[in-house]
Colleague: 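Before anything else, here's the structure in question.
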2 protein chains.
Amino acid sequence: MANSQTELAVLAVLSIRPTTGYAIRELVHERLSAFWSESFGQIYPALARLREAGLIEVTPGERTGSALHSLTDAGREHLLDMLSEPPVAARPRNGVLLRLFFGDLLGPRACAALVQAAKERSERQLADLAAARAEVEAERAADPADATRTRYWLLTIAAGEHAARAAIAWADEALAELADLEAGENR
Amino acid sequence: MANSQTELAVLAVLSIRPTTGYAIRELVHERLSAFWSESFGQIYPALARLREAGLIEVTPGERTGSALHSLTDAGREHLLDMLSEPPVAARPRNGVLLRLFFGDLLGPRACAALVQAAKERSERQLADLAAARAEVEAERAADPADATRTRYWLLTIAAGEHAARAAIAWADEALAELADLEAGENR
DNA sequence: ACTTACATGTAACGAGTTACATGATTGC
DNA sequence: GCAATCATGTAACTCGTTACATGTAAGT
């Protein structure tokens, strides 16, 4: 118990500061969405299990009555243990590439539309990451005590940027090749 | 029914040529592993459902008695319908980036080890893709009738190569930054 | 007063993995 | 004859999503 990926993520978020379940999901959505996701349906049961296991404790918030979850000493230790375990590889499932592999069934036009849509998603991703980068840098300027933490955050943003730029470069190549395939068909 | 991602993949593989469940999994492992995965526990139930729905039919193999699954007309049509639906986005879950985001908990040395390991995985991936590329090109030379199909296959290989190279470039940047963080700690 | 955001939970379902059980075929 | 590979399937389990149900707090 207290072993899942969700529990790892929840403990990690609580290491920043005690918060509500709702705010955990907020942070995951706003800061980690490029490489992580959680739903309420996972977070609340995870919080219950973690509390059960003595890894977190709950105190009612000062002004609001909402439940603030914070790490216990055991929780902090368990978090370090989990972080030290090798990351579990996500099972790959890329619907765009699956369709492209069987591309002669759909034909070059439909494939080009898929690739174009993927390219646009990556461009949006890149813009989002630029905004996130600006936010994090502003935060660093505002609170220099967080400087170390924000350097790690920027590493994850850079990873997203590299990936998005690669996806865009590939998409351009693929669109050229697909145009060529279509020209060949109509010859 | 006959709606899952697995069923799509199974139908798509059967569009190449009729085969056994075992061989479907082989092909997914050898050709699609960079962007797709299936397990026996999914494939056989999926085949049963597809047969039930009249989308595939089973004939005993000529020499071996093993079950050869082939698309029916309805199956071919359903496959085209499924391919035309927008791809479902995979939920992101990158354990390396999660650990890096909370990198000050692990410290720069442990983070560097994670990044280094990720880099090596990408390098292996790149080598595998180069091998796959050679194989596909050999196949194209051997059977020119497959030329169109292999061009689509090469598109998916190129996608993997772009992604892997981006991951390696990022890893090098990240390792430099982590070395700097470590130097800062020991100052 | 009303709407929007904050907040907590549960239940039903779907998807996928792993481990197990079983047996045929083929190469040595 | 024996090992490895090919082949098929099931059952238990884990993980995660979605939809639902419910209520509070804050802004306008």
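Per chain, numbering begins at 1; letters A, B, ... match sequence-line order.
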Colleague: Between B/Ala23 and B/Pro45, which has a closest nucleotide on DNA chain D that is more 5'?
Modeller: B/Ala23

Colleague: If I take atom CZ in residue A/Arg51 and atom P in nucleotide C/dT8, what distance separates them, rounded to the nearest angstrom?
Modeller: 11 Å

Colleague: Taking the side chain of A/Ala67 as heavy atoms from C-beta outward, which of D/dT8, D/dT10, C/dT8 is closest to it?
Modeller: C/dT8

Colleague: Say whether B/Val58 and B/Ile24 are linked into one hydrophobic cluster, either directly or through other cluster members, by side-chain heavy-atom distances under 4.5 angstrom.
Modeller: no

Colleague: Starting from the C-alpha separation in whole Å, work towards a yes-or-no answer on side-chain contact (heavy atoms from CB on, under 4.5 Å) for A/Gln42 and A/Val10.
Modeller: CA-CA 10 Å; A/Gln42 279 289 109; A/Val10 165; over 6 Å; no

Colleague: Using atom OH of B/Tyr44 as one end and atom C1' of C/dT22 as the other, report the distance to the nearest whole Å.
Modeller: 12 Å

Colleague: Charged N to carboxylate O under 4.0 angstrom, B/Arg93 versus A/Glu38?
Modeller: yes

Colleague: Report the nucleotide, chosen from D/dG16, C/dG16, D/dT10, that has the shortest atom-to-atom distance to any side-chain atom of A/Arg93.
Modeller: C/dG16

Colleague: D/dG16, OP1 or OP2 - any side-chain N/O from A/Thr6 closer than 4.0 Å?
Modeller: yes

Colleague: In residues 34-41 of chain B, which ones come under 4.0 Å of DNA chain C, going by heavy atoms?
Modeller: B/Ser37, B/Ser39, B/Gly41

Colleague: Looking only at side chains, do B/Arg25 and B/Thr19 share a donor and an acceptor under 3.5 Å apart?
Modeller: no

Colleague: How many Å lie between OH on B/Tyr22 and P on C/dA24, as a whole number?
Modeller: 17 Å

Colleague: State which of D/dT17, C/dG16, D/dC15 makes the closest approach to the side chain of B/Arg91.
Modeller: D/dT17

Colleague: What is the distance, to the nearest angstrom, from the CD atom on B/Glu30 to the C1' atom on D/dC6?
Modeller: 13 Å

Colleague: Determine, stepwise, if the pair B/His162 / A/Glu173 fulfils side-chain hydrogen bond (donor to acceptor under 3.5 Å, both in side chains).
Modeller: CA-CA 10 Å; B/His162 274 276; A/Glu173 270 181 39; 2.8 Å; yes

Colleague: Who are the salt bridge (charged side-chain N to carboxylate O under 4.0 Å, His left out) partners of B/Glu135, not counting sequence neighbours?
Modeller: B/Arg31

Colleague: Could you check which of C/dT17, C/dT8, D/dC15 has an atom nearest any side-chain atom of A/Gln42?
Modeller: D/dC15

Colleague: What's the closest nucleotide to the side chain of B/Gln5 if the choices are C/dT10, C/dG16, C/dT8?
Modeller: C/dG16

Colleague: Could you state the atom-to-atom distance from CG of B/Leu50 to C1' of D/dG9 in whole Å?
Modeller: 16 Å

Colleague: From the set D/dG16, C/dA7, C/dT10, return the single nucleotide nearest to any side-chain atom of A/Thr20.
Modeller: C/dA7

Colleague: Can you check the A/Arg49 CZ to C/dT10 C1' distance for me, whole Å?
Modeller: 13 Å

Colleague: Look at the rings of A/Trp153 and B/Phe101 and say which category their plane angle falls in: under 30° parallel, 30 to 60° tilted, over 60° perpendicular.
Modeller: parallel

Colleague: Whether A/Arg25 contacts C/dT8 is assessed here as follows: a side-chain N or O lying under 4.0 Å from the phosphate OP1 or OP2. Is that the case?
Modeller: no

Colleague: Let me know the distance between CD1 of A/Ile24 and P of C/dG9, rounded to the nearest Å.
Modeller: 11 Å

